[in-house]
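Just so you know, residue 1 is the first one in the sequence shown, and it goes up from there. Order of listing sets the numbers, starting from 1, for every ligand and every atom in it.
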Amino acid sequence: MANDNKKLLLLPGDGIGPEVMVEVKRVIDWLDRNRGIIFDVSEGLVGGASIDAHGTPLTDETMAQALAVDAVLLGAVGGPKWDDLPFEQKPERGLLRLRKDMELFANLRPAVVFDALAEASTLKLDVVKGLDIMIVRELTGGVYFGEPRGIETLPDGSRRGVNTQVYDTHEIERIARVAFELARKRSNRVCSAEKANVMESGVLWREEVQKVRNEEYPDVELSHMYADNCAMQLVRNPRQFDVIVTDNLFGDILSDEAAMLTGSLGMLPSASLGGADENGHRLALYEPVHGSAPDIAGKGQANPLAVVLSFAMCLRYSLDMVEEADAIEAAVKAVLDGGLRTADIMQPDKARVSTRVMGEALVRELGKVAD
Ligand code: IPM
Ligand code: MG
């Protein structure tokens, strides 16, 4: 009989990656025992961990595995240990290769403020309370991958660093469609951010996004904003936004900013999706927005909720297990409402707990909400 268990590849990576991934495995075990959902879980190395073991941030074997599974779940990559390596060998290149070779062009970064944590934001409560926005970042194009690129030495001995911002119509169209589709399931509004006032690629971006809207999504409200203004509006009045669609570099920056509005980077998940094949199947990688946090790695202090919420996104977008995704998200709310906090989201009069205690509490809540 064919084995149609869902296949997951876990890539814990570096720093706090491995310890937060342990808590995802706890959730996977729970689904296995209580829901009879059996996953085929394999594990691999990425980033510094792979450099130490194999001399490269991602082996061809792991790359091939990533292409063969239903979804990849990644912890975090990077750390001071590998800072001095040449650019092409850095841990981050492993992540960038996964994105590029899997053609994960659509990066979904929700920024949601949980009621229990609204006070933890550096912004005023009335500015962020109830915030729920989705940043859709283009992930395989733009200045991250554009050619020409490099550092050259000029005849006078000085040096020149070059990167190229480049977008073709089809790259803009497909990311715009992802944004419009998502908006239809939310509040039906998209804001597109670029720098059409200084960059030709921004002019094209604006025109193509507008065209997709007019031809295919006339029911969705579309506005355009310069990316710098968007950065400003995000702290001035973030709730004006529903879905923000933007390029790779602006998306990198705006999503960090949006993450901070929520009070903790340790809470935010993300999904990176490829195009759908004829069966509607998309390659996909899920990862927390936070990094490897080398300063607290190995101390049991890391917040496992972002990677657990990334797994919930995986259930929702790749595995069609919406009920289980809802249950995990509800369990996260419940542990927060119950007063448990890891160090990064600690508040007065709350109970500070370790990574493991947070994970165990989450599974207990899962038992309650899933009943
Ligand atoms: C992110 C990160 C990455 C990026 C790094 C680690 C390469 O900042 O996912 O936002 O710049 O895309
Ligand atoms: Mg970033």
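Here R356 does not pair with E23 in a salt bridge; the nearest charged N to carboxylate O distance is not below 4.0 Å. Residues R184 and D219 are paired through a salt bridge, judged by an N-O separation under 4.0 Å between the basic side chain and the carboxylate. In summary, E365 and K333 do not engage in a salt bridge, as defined by a charged side-chain N under 4.0 Å from a carboxylate O. Using a 4.0 Å cut-off between charged side-chain N and carboxylate O, K25 and E43 make a salt bridge.
Here the CD atom belonging to E181 is positioned 3.5 Å from the OH atom belonging to Y217, to the nearest 0.5 angstrom.
Summary: OD1 is the N/O/S atom of D252 found nearest to the Mg ion (ligand 2).
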Tabulate distances under 3.5 Å between N/O atoms of ligand 1 and N/O atoms of the protein, writing both atom names on each line.
from: ligand 1; atom 1: 8 (O); to: D252; atom 2: OD1; distance (Å): 3.2
from: ligand 1; atom 1: 9 (O); to: R99; atom 2: NH2; distance (Å): 2.7
from: ligand 1; atom 1: 9 (O); to: R109; atom 2: NH2; distance (Å): 2.8
from: ligand 1; atom 1: 10 (O); to: R109; atom 2: NH1; distance (Å): 3.1
from: ligand 1; atom 1: 10 (O); to: R109; atom 2: NH2; distance (Å): 3.1
from: ligand 1; atom 1: 10 (O); to: R137; atom 2: NH1; distance (Å): 3.3
from: ligand 1; atom 1: 10 (O); to: D252; atom 2: OD1; distance (Å): 2.8
from: ligand 1; atom 1: 11 (O); to: Y144; atom 2: OH; distance (Å): 2.5
from: ligand 1; atom 1: 12 (O); to: R99; atom 2: NH1; distance (Å): 2.8
from: ligand 1; atom 1: 12 (O); to: R137; atom 2: NH1; distance (Å): 3.3
from: ligand 1; atom 1: 12 (O); to: R137; atom 2: NH2; distance (Å): 2.8
from: ligand 1; atom 1: 12 (O); to: Y144; atom 2: OH; distance (Å): 3.4

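Summarising the local packing, CG of D83 is surrounded by more than 12 heavy atoms from other residues, nucleotides or ligands at distances under 6.0 Å.
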